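Sequence positions, counted from 1, serve as the residue numbers for this chain. Just so it is clear, the model here is predicted, and its values are computed rather than measured. Worth knowing before you read on, the calculation uses all heavy atoms, side chains too, and leaves out hydrogens, waters and symmetry mates.
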Amino acid sequence: MKYETVIGLEVHVELATRTKIFCGCENKFGGEPNTHCCPVCIGMPGVLPVLNEKVVEFAARAGLATNCTIANFSKMDRKGYYYPDLPKAYQISQFDLPLCKDGYIDINVNGREKRIRITRIHMEEDAGKLLHDACAGTAVDYNRCGVPLIEIVTEPDIRSAEEAKVFLETLKSIMQYTGVSDCKMQEGSLRCDVNISVREEGSDQLGTRTEMKNLNSFSAVYRAIEAESERQITLIEEGGTVQQETRRFDDVKGKSYAMRGKEEAHDYRYFPDPDLVPITLSDERIKRIKESLPELPAAKKARYINELGLSDYDAGVLTADKDIALFFDACLEAYNEPKKVCNLIMSDLLRLLKEDGILPENIPIKPEYVADTLKLIDDGKVNITVAKAVFEESFRTGEAPSSIVDRKGLAQISDTDAIRAMMRDIIAKNPGPVADYKGGKGKALTFFVGQVMKLTKGQANPQVVNAIALEELDKA
Ligand code: ADP
Ligand code: MG
Ligand code: ZN
C-alpha cells in the first residue's frame, strides 16, 4: 500500500514588544534568572493583568501578513494547566474567539506553488523555564513568564518534511519582515509543534495523529517528520494502530517516545478570563495596521523579477532574509544597477558573511561601499579581480574601497604607452610564442596578455592589454 503523510503545524512565535503581555516588565531574552519579573508575571494572588496594546497590534500585523481575517471582537481565556514554570496554574490564552483566523501562506516547494491554510492565530503568554543543571535540584527562571506569544495553527495541508521546512522558512521570513519577532530559534522565539498522521494515498479520511512538541530547529522538524511517518507506517503495516498521543522527539537518537495521552479541550477547562476586558478592533484600526505593513517577501520577490529584471533564483535568495533584502534596496539607492549589485551581493557579500560567521542583521559594510566598488570598475580604475579583493578588505576593515585603492596604489594601469613598451619587449624576448601565434595558435595571445598582467601585478586594464597585444603581434 502507498501512504501519504499529513501534517499540521502549531508554531509559537515570541513577539518583540518592549514589555511583557500583562505587565510592564522588560521583554528581553536572557538576563540573570528572575530579574525581569514582578508580582503580575509571577502570578501572585490578587494582582491584575492589563493587556499590552502593542501585543494586539503585533498579533494583528502577523495575521494581516498571512492573509487572515482579524476579529473586531475577541477575548482572552484561562487554560487550566499546572506546570512549575507557570505559577498561576493557568495560562492566559485565547480559546473560541482568536484574534485572527482563516488565512493562508503560499509556499514554493521545488518550483511548485502550494497554499497552506492557516486556521487561526491567537495571543497567549509564555511560561518560564526550568533549569535542570543550575543546582542540585531543578531551578525555575520566571524571566520568560508573560512574554507575549502568538500561536499560529495550520490546517492539515502539509504533505512532507520538505513542505514543512519550506513553510516554516516562509513563515519566519514573513514574521521578520513585519517586525513582530526576531524569530531566533536558538533563543526559542520560534518553536514548533508537529502534528502528523499517515493514510492510504488518495484517501480523504484523516488518520490518527500524534504530536511532537517544541522542536526548535527546522532540521529537527524535518527529521522528526521523516522518523514519525516511518514509525506510523511500519506500525500499521504490522497490523497495529496509531494512538493519539504526545511524543517527544530525541534528535540525537532520531527516534520519538510516547509522553502522554490525548488532552481534550475540556481537560483544560477554558473559561473567559474575568480580569481582562474583551478586545475590540474597529475596521478603521485594522485598516490602519494593514496599511502600515512593509512590502512582504513574496511581493518584493515579484518586484525584483518584474521590475528589476532579476532571475527567479536571485530574487529568491535576496528576499529570503529581510536584512539582505533591505541591504540590497539600500545599495540601489546609491547605485541603481540591480544586476551588478545583485552579482556583488550574491557572489561576494554572502560568501564573506558565511566565512566570517556574521548574521545578515550585522552586515559590517555600508551599502555606499558596494556602490563605491562598482563605480571603481565602471570608471576603469580597477579591474574586477582587484575590485573583489578591495571589496573584501573593505568588508573586513570598514575602509572605503576607493580609499583602499588610493592608499595601496591599486589603480588600474591604462597608460597605453607604458603597456605598449612592455608588450614590445615581451614580443622581442619570446620568438617561440610569436611563431605559435603567427602559425594560428590563438592560445598564444593569452601568453602575451598574461605576461603584461604579471609585470603590472594584475593592475593593467585587460581590455587595453588585449588590444595592444593584437596590434603589436600583427606588426611583429
Ligand atoms: P489541538 O489543539 O488539540 O492540538 P487541533 O484540532 O487544534 O488540536 O489541531 C492541532 C493541529 O493538528 C492543527 O495544525 C491541525 O491541522 C493538525 N491536525 C489535526 N488533525 C490532524 C491529523 N489527523 N493529521 C495531521 N494533523 C492534524
Ligand atoms: Mg496541539
Ligand atoms: Zn512582570
Side-chain angles (χ1 to χ4, degrees), residues 16 29-30 173 176-177 179 182-187 294 300 304 308 310-311 313-415 418-419 449-450 452-465:
F29 177 78
S173 164
Q176 288 177 330
Y177 269 68
D182 59 17
C183 294
K184 286 190 181 153
M185 297 195 79
Q186 67 280 16
E187 294 183 359
K300 212 182 243 307
Y304 285 1
L308 305 185
L310 301 187
S311 71
Y313 177 78
D314 288 352
V317 174
L318 289 179
T319 54
D321 188 291
K322 169 186 135 193
D323 294 302
I324 297 291
L326 292 181
F327 183 79
F328 175 73
D329 289 341
C331 292
L332 290 190
E333 295 277 313
Y335 184 87
N336 195 14
E337 294 214 43
K339 188 66 201 162
K340 287 188 190 170
V341 172
C342 168
N343 285 344
L344 191 62
I345 291 184
M346 300 273 292
S347 64
D348 296 272
L349 181 71
L350 295 183
R351 172 181 58 81
L352 290 168
L353 289 173
K354 202 165 163 206
E355 276 175 20
D356 292 9
I358 298 173
L359 293 172
E361 68 193 67
N362 299 323
I363 295 175
I365 190 165
K366 293 184 193 168
E368 296 81 50
Y369 289 176
V370 168
D372 194 15
T373 305
L374 293 168
K375 280 181 196 151
L376 285 169
I377 302 173
D378 288 347
D379 298 346
K381 269 206 148 178
V382 299
N383 60 35
I384 292 180
T385 317
V386 174
K388 281 171 179 280
V390 167
F391 182 74
E392 180 162 343
E393 184 165 344
S394 173
F395 177 93
R396 298 234 158 85
T397 63
E399 186 178 354
S402 46
S403 135
I404 296 172
V405 168
D406 289 345
R407 184 170 54 76
K408 294 182 137 184
L410 296 175
Q412 185 161 256
I413 300 164
S414 297
D415 175 350
I419 293 174
V449 174
V452 171
M453 294 309 283
K454 211 163 129 189
L455 280 173
T456 58
K457 300 197 186 74
Q459 282 169 243
N461 180 328
Q463 277 106 36
V464 174
V465 178

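- The OG1 atom of Thr397 sits 10.5 Å away from the CD atom of Glu392 when rounded to the nearest 0.5 Å.
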Applying side-chain contact (heavy atoms from CB on, under 4.5 Å), run through Asp378 and Leu376 and close with a yes or a no. CA-CA 6 Å; Asp378 288 347; Leu376 285 169; over 6 Å; no

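- Counting only heavy atoms from C-beta outward, the side chains of Glu337 and Leu374 never approach each other to under 4.5 Å.
- Distance alone, capped at 3.5 Å, is enough to place a donor-acceptor pair between the Thr319 side chain and the Ala315 backbone.
- With a 4.5 Å cut-off on side-chain heavy atoms, Ile324 and Leu350 count as touching.
- Ala460 approaches Val452 most closely through the heavy-atom pair CB-CG1, 4.4 Å.
- Here the straight-line distance linking atom CG of Leu349 with atom CZ of Phe391 works out to 5.0 Å at 0.5 Å rounding.
- Here Glu399 does not pair with Lys408 in a salt bridge; the nearest charged N to carboxylate O distance is not below 4.0 Å.
- Residue-environment remark: CG (Leu359) exceeds the threshold of 12 foreign heavy atoms within 6.0 Å.
- Expressed to the nearest 0.5 Å, how far CD of Gln176 lies from CG of Asp182 amounts to 7.5 Å.
- Here the CG atom belonging to Leu310 is positioned 6.5 Å from the CG atom belonging to Leu318, to the nearest 0.5 angstrom.
- Side-chain contact between Thr456 and Val465 is absent, with no heavy-atom pair separated by less than 4.5 Å.
- The minimum heavy-atom distance linking Ala411 with Val405 is given by the pair N-CG1, 3.7 Å.
- Within 6.0 Å of the NZ atom in Lys381, the count of heavy atoms belonging to other residues, nucleotides or ligands does not exceed 12.
- Considering every non-hydrogen atom in both Pro360 and Asp323, the closest pair reads O-CB, 3.5 Å.
- Taking both residues in full, the closest heavy atoms of Leu332 and Pro338 are given as CD2-CA, 3.6 Å, listed atom of the first, atom of the second, then distance.
- Within the structure, ring-ring contact (aromatic ring centres under 6.0 Å, His included) pairs that include any residue of residues 314-341 comprise Tyr304-Phe328 (at least two apart or interchain).
- The shortest heavy-atom contact between Lys300 and Ala325 is CD-CB, 3.7 Å.
- Heavy atoms from other residues, nucleotides or ligands lying under 6.0 Å from NZ of Lys454 number 12 at most.
- In this structure the side chain of Asn383 never reaches within 4.5 angstrom of the side chain of Ile377, judged on heavy atoms.
- Sorted by first and then second residue, the side chain to side chain donor-acceptor pair (under 3.5 Å) pairs with a member in residues 362-376 read Asp372-Ser402; sequence neighbours excluded.
- Two residues are said to be in side-chain contact when any heavy atoms from C-beta on lie closer than 4.5 Å; Glu361 and Asp321 fail this criterion.
- The side-chain heavy atoms of Ser394 and Ile404, taken from C-beta on, include a pair separated by under 4.5 Å.
- The only member of Leu352, Asp356, Leu353 that meets side-chain contact (heavy atoms from CB on, under 4.5 Å) when paired with Pro364 is Leu353.
- Rounded to the nearest 0.5 angstrom, Met346 CE and Asp314 CG are separated by 4.0 Å.
- When side chains are defined from C-beta on, Arg351 counts as touching Asp348, because their heavy atoms get closer than 4.5 Å.
- The pair Glu393-Lys388 fails the salt-bridge criterion, with no side-chain N (NZ, NE, NH1 or NH2) lying under 4.0 Å from an Asp/Glu carboxylate O.
- Using a distance-only test at 3.5 Å, with no hydrogens or angles considered, a donor-acceptor pair links the side chain of Ser173 to the main chain of Ala320.
- Taking NZ of Lys339 as the reference point, atom CG of Asn343 lies at 4.5 Å (rounded to 0.5 Å).
- A heavy-atom distance below 4.5 Å is found between the side chains of Met453 and Pro462.
- When all heavy atoms of Ala371 and Ala334 are compared, the pair lying nearest together is CB-CB, 3.7 Å.
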